[in-house]
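Written out below as structure tokens is the structure these notes cover.
One is the number of the first residue; the rest follow in order along the sequence. Hydrogens, waters and symmetry mates are skipped; everything else that's a heavy atom, side chains included, is used.
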Amino acid sequence: MSRQIRFIPQRQFHVLVNDADEEQNITVLPSDEGNFRVIKQGEILGEITYTAQKKIVCYKGRFKKAVMDQLEKHIHHYCSYAF
């Protein structure tokens, strides 16, 4: 039986990412387990795991490499200061 991941809306943060010369406002919802749900205008784009090696791995959804690189920097920054 799969375990439900609980995301924490109170800790959400917003980032601007560049994708094909267009800025996109993205909301990121963290969980206590190191998972992050990526949302754009109410639509879930995917979910990401932040590993112990300080890298991110997309396990639901698809992101372009440029967007993943930017998300990795923002999530690393968030984890450095939030915990």
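Note that the CG atom of Leu29 and the CD1 atom of Ile5 stand 12.5 Å from one another [nearest 0.5 Å]. To the nearest 0.5 Å, atom CZ of residue Arg6 and atom CG of residue Asn35 are 13.0 Å apart. Atoms NE2 and CZ, on His74 and Phe13 in that order, are 8.5 Å from each other to the nearest 0.5 Å. Interatomic distance, Leu16 CG to Asn25 CG, rounded to the nearest 0.5 Å: 5.5 Å. Atom CZ of Arg37 and atom CD of Gln12 lie 12.0 Å apart (nearest 0.5 Å).
Residues forming a salt bridge (charged side-chain N to carboxylate O under 4.0 Å, His left out) with Lys64 (at least two apart in sequence, or on another chain): Asp19.
Linking ILVMFWY residues whenever their side-chain heavy atoms come closer than 4.5 Å, directly or via other members, leaves Val57 and Ile75 in distinct clusters.
Panel note: side chain Gln70, backbone Asn18; a donor-acceptor pair is recorded below 3.5 Å.
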Residue pair Val15, Tyr78: steps toward the side chain to side chain contact (heavy atoms under 4.5 Å, CB included) verdict: CA-CA 11 Å; Val15 297; Tyr78 169 82; over 6 Å; no
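Taking the six-membered ring where tryptophan is involved, the planes of Tyr50 and His76 are tilted, since the angle between them lies from 30° to 60°.
With respect to the salt-bridge test (charged N to carboxylate O, under 4.0 angstrom), the residues Asp69 and Lys73 do not qualify.
Looking at Phe36 and Leu71, their side chains never come closer than 4.5 Å, going by heavy atoms from C-beta outward.
Contact record, Cys58 with Gly61: SG-O, 3.3 Å, taken as the closest heavy-atom pair.
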